[in-house]
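Contents: one structure, followed by commentary.
Everything numeric here is computed off the predicted structure, so don't read it as measured data. Values below: all heavy atoms of this structure, side chains included; hydrogens, waters and symmetry mates excluded.
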Amino acid sequence: MSLLGRDFHSSLDDGSKSLLERNSNVTAENVHPAEEASGLSRMQTLIHLLKCNIGTGLLGLPLAMKNAGLLMGPISLLGIGVLTVHCMVILLNCAHHLSQRWQKTFVNYGEAMMYSLETCPNAWLRTHSVWGRYTVSFLLITTQLGFCSVYFMFMADNLQQMVEEAHMTSNNCQPRKFLVLAPILDIRFYMLTILPFLMLLVFIQNLKLLSIFSSLANITTLGSMALIFEYIVQEIPDPSNLPLMASWKTFLLFFGTAIFTFEGVGMVLPLKNQMRDPQQFPFVLYLGMSLVITLYICLGTLGYMKFGSSTQASITLNLPNCWPYQSVKLLYSIGIFFTYALQFHVPADIILPFAVSQVSERWTLFVDLSVRIALVCLTCVSAILIPRLDLVISFVGSVSSSALALIIPPLLELITFYPEDMSCVTIAKDIMISILGLLGCVFGTYQALYELIQPISHSVANATGVYA
């Protein structure tokens with residue numbers, strides 16, 4: 001779900017606007033595939049798909065590899081990627097089938113869940129089918145606000161390191177030696193410093209203006225990613241002393257981080273709907289996700305091989321203390337700052353209509369701005385209470401991302417196609433994927449919570465240290 005692209009992860013529920021078209025205010029619900037004049041080409045769709053899957057979680061993959069092991073990490077990441085892509089295909093097939101059954105032009109994620117429950121054999125589920133939609137909406141809001149909390153921590157971590165190392169920054173880009181020294185200012189101070197600027201940013205409601213911020217985020221991130229790869233491929237130490245397989249406890253943290261990174265399930269429906277030729281979308285999906293999985297494995301593995309046991313929660317915190325690589329942190333932080341508004345747009349667009357409908361027109365603007373401020377403060381308070389970037393990423397991934405990516409799609413397929421004589425192999429496969437996702441959700445959440453309550457010295461801390 002992504003820096004470059006979780007801004008395009010929207011349109012999963014009622015009224016949530018699609019940001020796939022940079023110069024339009026068209027919603028995913030009212031875009032018709034037959035409108036070829038405004039449809040996306042295969043190349044445009046591929047670019048948007050890549051954006052939707054490249055985000056802040058990508059920078060935490062080297063630490064995820066450390067939590068899994070040099071051999072187990074890449075293999076597991078590949079497996080999770082394959083399962084995620086398969087669940088995307090399941091969601092596409094179910095939505096297509098339900099749209100034909102209910103004679104709808106397009107159904108989003110929440111609607112697909114609701115319509116499938118309305119036709120299932122169980123009478124209780126049919127009666128409470130709307131709760132399927134509510135569940136998807138709740139998970140979407142939780143996930144997106146979780147992303148925003150991660151953005152707070154990411155920006156604060158990098159801002160702290162840039163500010164407190166400014167007097168030591170030079171043009172000599174030598175590898176870091178990590179020193180555990182007390183920071184000058186608490187990380188929470190930097191979060192509070194960022195808060196007023198984000199409050200002003202989320203007041204922007206014009207999607208065309210937000211699309212400009214999206215473009216700026218894309219440009220800064222691409223430049224940062226190029227510099228990161230340029231550094232980590234140089235002088236990689238001998239990896240023979242790195243463990244091939246880590247303990248099962250840290251592997252659970254790996255699972256949450258990996259699922260957090262693969263947050264592209266929900267965007268496949270609006271993206272396919274806006275294609276000029278929707279029949280070509282499966283090809284674009286397989287090609288795009290193959291590139292994404294390759295990028296994930298390369299960055300995670302090379303980053304872990306480069307930094308070893310000193311790998312931080314974000315790879316940017318491991319970069320040398322010189323101006324070229326300090327600029328990487330600055331560029332990526334700027335990109336994250338702009339993307340916050342785009343991520344924030346999704347939960348706000350679900351919550352605000354309900355909140356505004358409860359008051360008279362006289363109070364509409366006041367309630368709108370108050371809810372926006374409250375949601376921003378909620379993400380800030382969450383970051384302040386749990387200033388642990390790596391563990392929060394793992395927690396959000398385990399709790400909500402795993403449900404949206406691995407648990408719900410197989411169950412949706414079972415409910416949708418079971419009355420139509422599904423094969424035993426398909427039923428067994430869907431049950432196994434859902435059980436795997438549920439186990440990862442339960443144990444990953446437990447481990448993330450367990451690590452969060454431990455002293456920082458006991459756990460894998462992400463707090464910015466001072467380097468020499």
May I have the list of side-chain donor-acceptor pairs in residues 284-291 shorter than 3.5 Å, sequence neighbours left out?
unit_1	atom_1	unit_2	atom_2	d
Ser290	OG	Tyr286	O	2.6

Could you tell me the separation between the [atom1] atom of [X] and the [atom2] atom of [Y], rounded to the nearest 0.5 Å?
| X | Y | atom1 | atom2 | result |
| --- | --- | --- | --- | --- |
| Met191 | Ile384 | CE | CD1 | 6.5 Å |
| Leu117 | Ile415 | CG | CD1 | 4.5 Å |
| Gln280 | Leu46 | CD | CG | 12.5 Å |
| Ile141 | Ile351 | CD1 | CD1 | 4.0 Å |
| Leu63 | Thr257 | CG | OG1 | 7.0 Å |
| Leu78 | Ile75 | CG | CD1 | 8.5 Å |

Quick one, [X] and [Y] - any side-chain contact, counting heavy atoms below 4.5 Å?
| X | Y | value |
| --- | --- | --- |
| Thr45 | Gln274 | no |
| His97 | Phe417 | yes |
| Met113 | Leu412 | yes |
| Leu59 | Ile228 | yes |
| Cys94 | Ile90 | yes |
| Phe260 | Thr143 | no |
| Leu406 | Cys87 | yes |

So which heavy atom on [X] is nearest to which on [Y], and how close?
| X | Y | result |
| --- | --- | --- |
| Lys329 | Leu319 | NZ-O, 4.2 Å |
| Met72 | Ala68 | CB-O, 3.4 Å |
| Ser333 | Asn158 | OG-CB, 3.6 Å |
| Ile433 | Pro410 | CG2-CG, 3.5 Å |
| Ala348 | Leu375 | CA-CD1, 4.4 Å |
| Ala403 | Leu139 | CB-CD1, 3.7 Å |

*Begin from the C-alpha positions of Tyr151 and Phe154 and carry the test ring pair (Phe, Tyr, Trp, His ring centres under 6.0 Å) through to its verdict.*
CA-CA 5 Å; Tyr151 290 172; Phe154 178 87; 8.1 Å; no
_Is the distance between the ring centroids of Tyr134 and Trp131 under 6.0 Å?_
yes
*Do His96 and Lys272 pass the side-chain hydrogen bond (donor to acceptor under 3.5 Å, both in side chains) test, and can you show the C-alpha distance, the side-chain angles, and the key distance before you say yes or no?*
CA-CA 10 Å; His96 177 72; Lys272 177 187 177 182; 4.6 Å; no
_Residues Thr311, Lys306; criterion side-chain contact (heavy atoms from CB on, under 4.5 Å); working and verdict_ = CA-CA 8 Å; Thr311 303; Lys306 177 71 174 181; over 6 Å; no
Please answer whether the main-chain N or O of [Y] pairs with a side-chain N or O of [X] as donor and acceptor at a distance below 3.5 Å.
| X | Y | value |
| --- | --- | --- |
| Ser394 | Leu253 | yes |
| Ser434 | Ile407 | yes |
| His128 | Trp124 | yes |
| Gln103 | Ser99 | no |
| Tyr109 | Leu404 | yes |
| Gln358 | Ala355 | no |
| Ser357 | Phe354 | yes |
| Thr250 | Asn67 | yes |
| Asn318 | Ser310 | yes |

_Pair Tyr418, Ile427 - check side-chain contact (heavy atoms from CB on, under 4.5 Å), show working._
CA-CA 8 Å; Tyr418 186 78; Ile427 294 174; 3.9 Å; yes
Excluding sequence neighbours, so at least two apart, what forms side chain to side chain contact (heavy atoms under 4.5 Å, CB included) with [X]?
| X | value |
| --- | --- |
| Leu198 | Phe152, Met155, Ile194, Leu201, Phe337, Tyr340, Val376 |
| Pro239 | Leu70, Leu242, Met305 |
| Ser423 | Val425, Thr426 |

*Test side-chain contact (heavy atoms from CB on, under 4.5 Å) applied to Ile315 and Leu61, step by step*: CA-CA 8 Å; Ile315 194 174; Leu61 284 176; over 6 Å; no
*With a 4.0 Å cut-off, would you call Glu118 and Arg133 a salt bridge?*
no
Residues in salt bridge (charged side-chain N to carboxylate O under 4.0 Å, His left out) with [X], at least two apart?
| X | value |
| --- | --- |
| Lys249 | none |
| Asp368 | Arg372 |
| Arg42 | none |

Scan for salt bridge (charged side-chain N to carboxylate O under 4.0 Å, His left out) pairs involving [range], sequence neighbours excluded, and state none if there are none.
| range | value |
| --- | --- |
| residues 120-130 | none |
| residues 217-227 | none |
| residues 87-102 | Arg101-Glu420 |

_For Phe395, give me all partners under ring-ring contact (aromatic ring centres under 6.0 Å, His included), at least two apart in sequence or on another chain._
none
*In terms of ring plane angle, is the pair Phe307 and Tyr231 parallel, tilted or perpendicular, where the classes change at 30° and 60°?*
parallel
Atom pairs and distances, donor-acceptor, side-chain atoms in residues 437-447, under 3.5 Å, two or more places apart:
unit_1	atom_1	unit_2	atom_2	d
Thr445	OG1	Cys441	O	2.5
Gln447	NE2	Glu451	OE2	3.0

_What verdict does the side-chain contact (heavy atoms from CB on, under 4.5 Å) test give for Leu295 and Phe229, after you've listed the backbone C-alpha separation in whole Å, the side-chain angles of each residue and the deciding distance to 0.1 Å?_
CA-CA 10 Å; Leu295 174 65; Phe229 267 103; 3.5 Å; yes
*Does atom CE of Met422 have more than 12 heavy-atom neighbours from other groups under 6.0 Å away?*
yes
